[in-house]
Amino acid sequence: MKLRLDGAKMSILKWYKKSKRRAAVSVRDQVLEQHQTVRINGDLEHTIDSIQRILGMNDDFTIRRFHVFGKYPAVMFYFSNMIDQASININILKPFMYLPPHLEGKEIESSQLKDVLLYDSLYHSEGMLESQFTQLIKGLLRGETVVAIEGLEEAFLIGTRSIENRSPDQPATEQVIRGPRDGFIEQLGTNIALLRYRLQTTDFRVRTMQLGRRTNSKVAICYMEGITSPDLVEEVNRRLSNIDIEAVLDSGYLEQFIEDNHVSPFPQVQYTERPDKVVANLLEGRVAILVDGSPLALLVPTIFNQFYQTVEDYTERFVLMSAIRLARFVALIFSLIFPSLYVAIISFNPELIPTEFAVAVAGGRAGVPFPAIIEVLVIEISMEVLREATIRLPQQVGGALSIVGVLVIGQAAVSAGFASPITIVIIALTTIGSFATPAYNAALALRLLRFPLIVLAGIFGLYGIMIGLILIVNHLLSLKSFGVPYLSPLVPGSFQGMKDLLIRGPLWWMKSRPVFLHVQDKTRVDSSTVEQLNESQGVELDPLKSKGRKEER
C-alpha cells in the first residue's frame with residue numbers, strides 16, 4: 001500500500017513537472033529567426049517584397065523610390081513617425097540624388113558607387129553598410145532608415161531616430177531645497193549625457209545590452225574604471241544577461257530579477273531619478289543601471305542606511321544635517337512601531353503611561369465599542385485606502401479628497417463613536433512619520449510590516465512587539481545585496497563607514513570610500529587637503545595678527 005502511495009506521489013510530481021514544462025510558451029520573434037541567415041542579393045524588387053512581407057501592412061511605414069545620381073534605382077524605408085523628416089530630405093535624399101561638387105562631370109561606375117556614397121556624399125555621421133535582413137529590420141524598428149540600391153548586396157543603415165521627449169526637469173519624487181534641479185527623462189542618451197556632464201573623466205564607463213524579446217530595450221551599465229570592483233561589474237552583467245523576458249518597460253522590471261532575496265519586503269536595489277545622486281554613488285564604487293524609456297536609474301549594491309539619506313545631507317552643514325538625519329531615522333522607527341506600541345500599552349500595560357493621560361485615553365475610548373487592536377487596524381486600513389486613492393486620482397481632485405478624508409471623515413468617525421480621538425492622532429502621526437522616509441519603496445515596506453506588529457501587540461502586548469522586532473532585525477541581518485550585508489557598515493562594523501551612518505560627518509572626515517564595496521581606489525579625500533584645511537583658517541584677516549604685522553612694518 002505504501003509502495004502504491006509512493007508511486008502515486010511520484011506520478012503526481014511527474015505530471016506537475018510535465019504540465020509546468022508545457023506552460024512555458026516561446027514568444028520569440030519567429031519571423032526574424034526565419035530570416036536569421038538571409039542576406040540581400042542586390043535585387044531591389046526582392047528586397048522590397050521581403051521587407052513588406054516581414055513588416056506587414058502599416059500606415060506609418062514609408063517606401064520611397066528614387067534614383068541615385070539620376071541613374072541607379074534605389075528605395076528608402078522608414079517609419080515616418082519615428083524619424084525627422086527634414087533630416088531625411090537634407091541629409092539623405094539630397095546627397096544620394098546629386099553628385100558632390102568635386103565629382104561633377106565624372107562617371108561613377110557601379111563598382112565605385114558604394115564607396116562614393118559612404119565616403120563622399122552622405123551627410124550623416126551615423127551611416128553604415130549592412131547585408132543581413134534581420135539587422136536591417138531591427139534598425140527600422142529602432143527608428144533608423146534603410147536605403148537599398150539596385151545591384152548592391154549591402155544596404156545603407158542610417159541613424160535618423162527622432163522621438164519627442166520632455167526636457168530634464170526637477171524630479172517629482174526627490175525634491176531638494178539646495179542642490180541640482182535636473183532629473184532623468186525617458187531617453188537613455190540624454191540620461192547618459194547628464195552623467196557625462198558631471199563626470200568629465202576617462203574613467204567613466206558605459207556598457208550597453210538589449211533586453212526583452214519583443215521590446216529590445218536598451219540597457220546601460222555605468223561604473224567607474226579604477227574605482228568599482230571588476231567582480232561587481234561582471235556580476236551585474238551576468239545577472240542582467242540571464243534575464244530572458246518578453247518586455248522590459250521600466251527599470252523596475254529588472255530590479256525584480258537581479259535582487260538577492262525576492263520575497264523580502266525590504267528593497268535591495270535603490271532607484272533614483274537624480275543624476276547627481278547616481279554620480280555620487282558611482283564615485284563610491286557602485287554600479288548604475290539605466291533603461292531606455294525609464295526615468296529611474298537603479299543603484300547596486302544597496303544597504304539599509306541609504307533609504308533615510310538624501311542629497312541635501314551632503315550639501316548643507318554637517319551639524320545641522322546630522323540632527324535632521326537623526327530626526328528622519330526616529331520618524332522611520334516611529335512609523336513602524338508607534339501604532340503597535342499604542343495597542344500594547346492600552347490593552348495590556350496602561351500603568352506605563354501617566355495616570356492623567358491614561359484617564360484621558362479611557363475617557364476618549366468610552367463610547368468606542370471595539371477593542372484597541374480592531375480600532376487601530378480599521379483606521380490604518382482606511383488610511384491606506386485613502387492614501388492609495390489620493391495617489392491614483394488626478395492632482396486637482398487628489399488634494400480635495402485628502403482634505404475631505406482626513407478632516408471630515410476623521411471628525412465624523414470620532415463623533416459617531418467609531419474611533420477615539422487619541423487613535424486618530426496616533427495614526428496621523430504615524431502617517432506623517434512614514435512620509436519623512438525619503439525612499440518610497442522602503443517606506444512601503446515599513447507600512448506593510450506595521451500590520452503584523454499591531455496584531456502581535458494585540459495578542460501578546462509588549463512581548464509581541466519585541467518578538468516582531470527581533471524577527472525583523474534577524475531578517476535584516478540575513479539580507480544581502482550583491483553579496484554586501486544589508487546592515488553594513490553597522491554589521492559587520494566599520495568605523496570609517498559609521499561616520500556616515502546616523503550622523504553625517506564632515507566631508508574631510510570621510511577620507512576613504514566604503515570598505516564593504518571592495519573598491520580599487522580607496523582614497524576619497526587626500527590627507528594633504530585636511531592638513532591645509534587645519535592650517536589656514538582666516539589667518540590673513542585676523543585683526544590681532546594683522547595689527548602685529550603692521551607694527552612690525
Item to check | Step-by-step side chain to side chain donor-acceptor pair (under 3.5 Å) determination, Ser294 to Glu186 | outcome: CA-CA 5 Å; Ser294 173; Glu186 285 73 16; over 6 Å; no
Checklist entry - Hey, mind stepping through Asp313 and Arg504 against salt bridge (Lys or Arg N to Asp or Glu O under 4.0 Å) and telling me if it holds? => result CA-CA 7 Å; Asp313 288 359; Arg504 200 281 276 173; over 6 Å; no
Next on the checklist: Applying side chain to side chain donor-acceptor pair (under 3.5 Å) to Thr173 and Glu273, what does each step give before you reach the verdict?
Outcome noted: CA-CA 8 Å; Thr173 57; Glu273 52 182 326; 2.5 Å; yes
Item to check | Pair Arg238-Glu234, salt bridge (Lys or Arg N to Asp or Glu O under 4.0 Å): steps then yes or no | outcome: CA-CA 6 Å; Arg238 186 188 67 78; Glu234 288 306 315; over 6 Å; no
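The two atoms that bring Asn441 and Pro267 nearest to each other are ND2-CB, 3.4 Å, heavy atoms only. Taking all atoms of both residues into account, the shortest heavy-atom contact from Ala372 to Ile346 is CB-CG2, 4.1 Å. Listed here is the closest heavy atom pair of Pro275 and Gly183: CD-CA, 3.8 Å. The shortest non-hydrogen separation linking Thr228 to Gln520 is O-OE1, 3.2 Å.
Other residues, nucleotides and ligands contribute over 12 non-hydrogen atoms within 6.0 Å of the CZ atom of Arg166. More than 12 heavy atoms of other residues, nucleotides or ligands lie within 6.0 Å of CD1 in Ile391, so this atom counts as buried by the packing criterion. Residue-environment remark: NZ (Lys499) exceeds the threshold of 12 foreign heavy atoms within 6.0 Å.
Applying the side chain to side chain donor-acceptor pair (under 3.5 Å) test to Asn81 and every residue at least two apart in sequence or in another chain returns nothing.
In this structure, Arg239 is positioned above the aromatic face of Phe482, its NZ or CZ under 6.0 Å from the six-membered ring centre and within 45° of the axis.
Side-chain contact between Ile221 and Met209: present, with at least one pair of heavy atoms (C-beta onward) separated by less than 4.5 Å. In this structure the side chain of Val300 never reaches within 4.5 angstrom of the side chain of Gln268, judged on heavy atoms. Using a 4.5 Å heavy-atom threshold, the side chains of Lys218 and Thr208 count as touching. Taking 4.5 Å as the limit, some side-chain heavy atom of Ser512 sits within range of a side-chain heavy atom of Gln496. A heavy-atom distance below 4.5 Å is found between the side chains of Pro438 and Arg328. Taking the side chain as every heavy atom from C-beta outward, Phe257 and Leu254 never approach each other to under 4.5 Å. Side chains of Asp231 and His518 form no contact here, defined as non-hydrogen atoms less than 4.5 Å apart. Contact of the Leu507 side chain with the Arg524 side chain is not registered, since no non-hydrogen atoms from C-beta on lie closer than 4.5 Å.
Side chain to side chain, Ser229 and Arg286 fail the donor-acceptor criterion of an N or O pair below 3.5 Å. Remark: the Asp276 side chain and the Tyr314 side chain contain no N/O donor-acceptor pair separated by less than 3.5 Å. Side-chain contact of Glu174 with Thr272: a donor-acceptor pair under 3.5 Å is present, judged by distance alone.
Here Glu246 does not pair with Arg213 in a salt bridge; the nearest charged N to carboxylate O distance is not below 4.0 Å. Salt bridge Asp292/Arg142: absent, no basic N to carboxylate O contact under 4.0 Å.
Here the CD-CG distance, from Glu284 to Asp500, works out to 7.0 Å after rounding to the nearest 0.5 Å. With rounding to the nearest 0.5 Å, the separation of CG in Leu501 from OG in Ser494 is 10.0 Å. The line from CE of Met321 to CZ of Arg317 is 12.0 Å long, rounded to the nearest 0.5 Å.
Classified by interplanar angle (parallel below 30°, tilted 30° to 60°, perpendicular above 60°), the ring pair Phe307/Phe304 is perpendicular.
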Distance-only check: which donor-acceptor pairs under 3.5 Å involve side-chain atoms of residues 407-427, not counting sequence neighbours?
| residue | atom | partner | partner atom | Å |
| --- | --- | --- | --- | --- |
| Ser415 | OG | Gln411 | O | 2.9 |
| Ser420 | OG | Glu375 | OE2 | 2.9 |
| Ser420 | OG | Thr423 | N | 3.4 |
| Ser420 | OG | Thr423 | OG1 | 2.8 |
| Thr423 | OG1 | Tyr342 | OH | 3.1 |
| Thr423 | OG1 | Glu375 | OE2 | 2.7 |

Which atom pairs, donor and acceptor, lie under 3.5 Å between side-chain atoms of residues 449-478 and protein residues at least two apart or in another chain?
| residue | atom | partner | partner atom | Å |
| --- | --- | --- | --- | --- |
| Arg450 | NE | Glu380 | OE2 | 3.1 |
| Arg450 | NH1 | Ser335 | O | 2.9 |
| Arg450 | NH2 | Glu380 | OE1 | 3.2 |
| His475 | NE2 | Ser264 | OG | 2.7 |
| Ser478 | OG | His475 | O | 2.7 |

